[in-house]
Amino acid sequence: MNQNPEDLRAAGLHRGPNQVDYRETADLTNVHAAVQREHPEVMPGEVPMPLWLMVLCGVAIFWAGTSFSGGFGASYFNADNYSVHPGEEVGMAGGASGGAGAAVQGPTVIEQGKIYFTQNCVQCHQASGMGLPNVYPPLAMSEYINGGSRRLGMIVLKGLQGPVTVEGHQFNGAMPAWEKTLTDKKLAAILTYVRQDFGNTAGPITPEQIADARKEFAAQTASWSEADLKAVPPTAELPGGAAPAPAPPAGGKK
Amino acid sequence: MKQPFSIFNGILAVFALSFAVLAMAPALQIGSLQPVVDEDTGDIYPVDISGVQAQGRAVYVSQGCVTCHTEQVRDPSEGADIARGWGVRRTVARDYIYEKPALLGYMRFGPDLANIGSRKDKDDPDKYTAAWHYKHLYDPRETSPGSIMPSYKFLFETQKIAGQEDADALKFANDDAPPAGYQIVPGPEARALVAYLTTLDHSHPLKEAGPNIEVKTTGTAAAGGAKK
Amino acid sequence: MPEALSKPAQLEAPEMSAAEIEWIDRSLIDASVRTPVMFFFTTAQTWLLTATLVGFVCSIKLHWPTFLGDWSFLTYGRLWPAYTNMLVYGWGLPAGIGTAIWITARLCRVVLRAPWIPIISGIFWNIGVTVGVIAVLAGNMRPYELLEFPRQASVLLFIAYSLIGVWGVLMFQNRRPGHVYISLWYLVGAFFWFPWLYASANLMVGSRHLQGVVPDAVAAWYAQGLLGYFFASVGLGTIYYLIPKVIGKPIHSYNLSLLGFWSFELFWGLTGMVRYTGGPFPVWYSSLSIAALILLLIPVGTVGVNILMTMKDDSHMVYHSPTVRFCMYGTVAWLVGMLITIFGSVREMDPYTHFTNFSVGAFYLLVYAFFTMAMFGAMYYIVPRLVGCEWLSATFIRLHFWGAAYGMGFMILLLIIAGFVQGGSWNDPASYPHAANVVEQIMPYLIFCSVVWLLLIVAHFLYFVHFLAMVLRLGQPSGEPTLFAPIEEGEQQP
């Protein structure tokens, strides 16, 4: 639809001051009216920054600074407990709503002890703690388990070999030494568990006691024999003394 | 700023800073996390999934589930996720190290799914079992009235019953039920998806997440306080 | 093809005035950019209309989930990513690129060099978006916001973006010497930044070597970066160019322009992790991003003052010029959008806005109410200069404006309120124990949104038809611009 300006004017279809149909023509001097009426791009003014804007910037910087606290640690996931070592118990915030319950402890020593007992001891002493007649001594009501903790510690650290009488029954086997395989924590947990289960009623043993016992018996390289055990009074305790036996449980422990 | 060189430098520097801080720093700081091995019990967390469960993750992505569901539990100070029974603790970076991709999500029209594999409903023992998931996928409004989740009927097949009914065949009480002699069973994608959903459990305690919380609320209750 | 004009054209008629030489320059530039810019604009318009219809269906599905519910490719989980990607990559980026090409050519005062670059880019672009949308509907997608397109599509888009990025930098290097106008900083920045952003994000989220949540952090960096490095930059650059152009007055302050540009671009790129406040990341990521977001109050104040003071004596032009009206709406929307984003993301507010429709509302504020309206304003200015006739009907422009302004304005208001209701309900498990209870609370807002979508469909359809008329050169042949209302004697002509 390339119309001449004259025809447009004749038909009264022209409008505006330019009176030109500025669709593409070969003559560039009849350029687009739109282009003609444009304003040139002008340099921006030089105006000082208003004071209120500077104050706003200052406020923003201050606010931003205070909103970012704490360091860049990879283990800190909560904004409100930067001062708390992760893993430590923190007071549970109620949050937006819906209270959270109390924090629950990890597994108890006795629960742990039972797990390690199951992993290490049941092959011989059985899960019931009854052992195998003539082969493996029972733990239930054993004189070496109840009473003082020293003999028990000795046995479990260095092992026991040769004939031994437990609860009136003779056994002649070889219990391995556990000092190299299990940590103080695990040994203490196992012994604590054993001393209060299977009908036993003796007190707990701490990892520190096991650690001291290790040092005390460091010179002993071979397993003990029954004679060694008999040389120790039945009420003797491991270094660190005895902890009180737990009160008899109201219901059965698992 | 009349020099093009300095404009260019500035443009480059601004982008480089943003890239370094928000793209590179995470890759360096949390890009090589290892699973934790519990020294007491020997168990490892997290573990990778494979087989049909990993296929299920791909189905989750392909159906666009992230459009309405998230898989991240927030701390009680930041939202009521734990109070809702969606988890016993907040999720942390280590929870997702084997999830390719980690389907964190960005919108919640439906509940969070981070622990759907271990969630139990106190009032309804059938909820969140595989059978429940199949029914929910088939017709969400049947298990959850008022839900706006789309029906995924196309993930299921109508088959003629040959001999016995399939163990996973959907049981209907209404006119969704198939004609006599036919059963509606989950197709392979539905099975994979539900297998994947049952692996979603981020309740294993992690040091950096703080202690696990046992929530006593009405309605859905968190499954499992701290164990192991 | 005319050569680049490094100095005024040599003419046989030496008595041509400086103004006439300016006219000829402009015409030559316009003629040279006509094909690529109109190609981008036309394809962008088509995608906008398509996206609007798809967005409408998505909105219906939120309150009528069984609507068109039997087909896997129409489920909300696939339709929503298809819609957002169509809006951003089909409409937003091409519209921005088309506008940026024209403004860059005009500000560099050189005729378009290597026109094949933008055209090939546009072709790859549209193929890429089509492939991507089909892939998403078929289920082949990634689970990251605005990065859903699979590798097949993202490679095509990357090629397209890189071509345009190279072209933009090339134009800038070959520009006529002189003062570098502020819009050019924004546009050259966008040309340069976007390909890098897109490439690094796609490579990193698809990489086998990044474990766990790291790709999510990268995806958040990308999605936020897209809003700032491309949409805000091109939008602000466009507004900074067009408003002074139309009213004939300079930008209020050079210093404020400088401060606004650098503070925005510096801080915005650090805000990505506000998308994961409370998420499984070390808390300093979100703390840093929130701090950067607060610091963005500086460019908000600065750019706001700059543009509003520029318009102070000519605010009446909003009643006359479509370009000024759309661009001012965009400016106000940007200011409001930034403030809402900032205040909605601080730690005190985040529990109420996270994972809710609030983010959708904030997204629409920045991508639609700000960027898209600014692009509409730009198209109303640019298209007559490329097709040689004026817009046919002021009524159509008026209807388009009110439909878009009221439509999107209402939708944003609804979504933001719905977001707070949603967030409040999610945080109150005692009163709203199930997800369905929360949805019930926002249902009226969702239904109202669908009604508002109808308004948007009408507005976009009218605009599309009007635009097609211009493409077919069926517009007004006069030399007068199509205005909402004629300018009185004594007022400045636009």
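All chains are named by letter (A, B, ...) in the order of the sequence lines, taking the proteins before the strands, and each is independently numbered beginning at 1.
Both the backbone and the side chain of C:L288 come within less than 4.5 Å of a heavy atom of chain A. There is no contact between C:L296 and chain A, counting heavy-atom distances below 4.5 Å. Of the atoms belonging to C:Y241, it is side-chain heavy atoms, and not backbone ones, that fall under 4.5 Å from chain A. Proximity to chain C involves both the backbone and the side chain of A:I61, based on heavy atoms less than 4.5 angstrom apart. Of the atoms belonging to C:L259, it is side-chain heavy atoms, and not backbone ones, that fall under 4.5 Å from chain A. For a residue to count as touching a neighbouring chain, one of its non-hydrogen atoms must lie under 4.5 Å from one of that chain's; by this rule C:T302 touches chain A with backbone and side chain alike. If you measure heavy-atom distances from C:Y181 to chain A, the contacts under 4.5 Å come from the side chain alone. Neither the backbone nor the side chain of C:Y285 comes within contact range of chain A, judged by heavy atoms closer than 4.5 Å. Neither the backbone nor the side chain of C:P299 comes within contact range of chain A, judged by heavy atoms closer than 4.5 Å. Residue contact with chain A, scored on non-hydrogen atoms closer than 4.5 Å, is absent for C:V300.
With chain A as partner, the option from C:M309, C:R347, C:H252 having the largest number of non-hydrogen pairs under 4.5 angstrom is C:H252.
Remark: A:E208 pairs with no residue by the salt bridge (charged side-chain N to carboxylate O under 4.0 Å, His left out) rule, at least two apart or across chains. With sequence neighbours excluded, the residues that form a salt bridge (charged side-chain N to carboxylate O under 4.0 Å, His left out) with A:D184 are A:R214.
C:V305 has its side chain within reach of A:W52: a pair of non-hydrogen atoms, C-beta onward, lies under 4.5 Å apart. Two residues are said to be in side-chain contact when any heavy atoms from C-beta on lie closer than 4.5 Å; C:I294 and A:S67 meet this criterion. The closest side-chain heavy-atom distance from C:V283 to A:F77 is not below 4.5 Å.
The number of heavy atoms from other shown groups lying within 6.0 Å of CZ (C:F343) is above 12.
Taking CD1 of C:I290 as the start and CH2 of A:W63 as the end, the distance is 10.0 Å to the nearest 0.5 Å.
In this structure, C:I298 and A:C57 approach most closely via the heavy-atom pair CG2-SG, 3.4 Å. Taking every heavy atom of both residues into account, C:G301 and A:L56 meet most closely at CA-CD2, 4.0 Å. Here the shortest heavy-atom pairing between C:L297 and A:A60 reads CB-CB, 3.9 Å.
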